[in-house]
Amino acid sequence: MRRVAITGMGAICALGRNTAEFAEALREGRSGIAPIESTDRSHFRFQNGAEVRGYSHQPYFDDRRADFMDRFAQFAVIAAREAVADAAVSWTPELRETAPSSPGPAWAASVPKTPASSRCTSWATTACTR
């Protein structure tokens, strides 16, 4: 069995734009379910859903970069950036070249914790495995 340590977390969802807002909403027992605002719901069977309300890519991405990513991929990158920042990973030039990543809703980056002993994976959380 492998050991896993969560070294950083990130979130953007109906309950908050970061882990602090998300945790506060959970503690208060708030629901993220509400009437859908991002699209015309007149043809939907259900009118409610969990969405990131009032989302704008501009605090996170420039317009050109945002055009190349769907909304869910943007959310994955935002959460991953927060997780990496929370883990205090320093992105050196060498690490940027050697850390594999795949863009999309399941965005992940593998970050070597030490040269050969462990690897950290960043997604909604940053986890180190041994």
Side-chain angles (χ1 to χ4, degrees):
M1 177 179 247
R2 297 180 107 186
R3 292 183 180 190
V4 176
I6 305 301
T7 58
M9 297 187 298
I12 181 168
C13 63
L15 291 177
R17 303 272 173 110
N18 54 50
T19 54
E21 291 176 10
F22 176 70
E24 181 182 341
L26 288 177
R27 280 191 298 275
E28 293 175 358
R30 278 190 267 142
S31 172
I33 307 296
I36 297 169
E37 297 175 351
S38 62
T39 189
D40 176 18
R41 60 182 194 251
S42 63
H43 299 290
F44 293 164
R45 180 175 169 203
F46 300 101
Q47 304 296 304
N48 296 325
E51 65 181 343
V52 179
R53 301 199 184 297
Y55 172 74
S56 170
H57 68 273
Q58 291 174 336
Y60 310 101
F61 305 99
D62 61 37
D63 291 338
R64 212 169 98 204
R65 181 165 294 226
D67 285 344
F68 288 104
M69 300 172 71
D70 67 31
R71 184 176 166 111
F72 297 103
Q74 291 176 24
F75 293 162
V77 171
I78 292 165
R81 284 178 180 169
E82 184 183 9
V84 169
D86 189 40
V89 173
S90 297
W91 287 104
T92 63
E94 179 186 0
L95 186 57
R96 288 183 186 278
E97 292 296 319
T98 60
S101 66
S102 59
W107 187 85
S110 297
V111 181
K113 187 69 171 174
T114 60
S117 66
S118 64
R119 296 192 70 72
C120 297
T121 301
S122 165
W123 185 55
T125 60
T126 302
C128 293
T129 59
R130 284 188 133 205

> Looking at residues at least two apart in the chain, or sitting in another chain, which of them share a side-chain contact (heavy atoms from CB on, under 4.5 Å) with Pro35?
Replying inline: Arg41, Asn48
> Does Tyr55 have any ring-ring contact (aromatic ring centres under 6.0 Å, His included) partners at least two apart in sequence or in another chain, and if so, which?
Replying inline: Phe75
> Are there more than 12 heavy atoms of other residues, nucleotides or ligands under 6.0 Å from atom CZ of Arg65?
Replying inline: no
> Between His57 and Asp63, is any side-chain donor less than 3.5 angstrom from a side-chain acceptor?
Replying inline: yes
> Going from CG on Leu26 to CG on Leu15, what distance comes out if it is rounded to the nearest 0.5 angstrom?
Replying inline: 6.0 Å
> Can you check side-chain contact (heavy atoms from CB on, under 4.5 Å) on Gln47 and Ile36, steps first, answer last?
Replying inline: CA-CA 6 Å; Gln47 304 296 304; Ile36 297 169; over 6 Å; no
> What's the shortest heavy-atom distance between Ala79 and Ala11, and which atoms?
Replying inline: CB-N, 4.0 Å
> CD of Gln74 to CZ of Phe61: how many Å apart, nearest 0.5 Å?
Replying inline: 5.0 Å
> For Glu37, does its backbone N or O pair with a side-chain atom of Glu51 as donor and acceptor, under 3.5 Å?
Replying inline: yes
> Listed by chain and number, what are the side-chain hydrogen bond (donor to acceptor under 3.5 Å, both in side chains) partners of Asp40, not counting sequence neighbours?
Replying inline: Ser42
> Looking at Gly32 and Ala14, what are the two nearest heavy atoms and their distance?
Replying inline: O-CB, 3.6 Å
> Under 3.5 Å, is there a donor-acceptor pair between the side chain of Glu21 and the main chain of Arg17?
Replying inline: yes
>> Return the CZ to CZ distance between Arg27 and Phe22, rounded to the nearest 0.5 Å.
In response: 11.0 Å
>> If I compare all heavy atoms of Ile33 with all of Ala50, which pair ends up nearest, and what's the gap?
In response: CD1-CB, 3.7 Å
> Checking Glu82 side chain against Thr19 main chain: does a donor-acceptor pair fall under 3.5 Å?
Replying inline: yes
>> To check you understand the geometry: which heavy-atom pair defines the closest contact between Asp86 and Met9, and what is its length?
In response: OD2-N, 2.9 Å
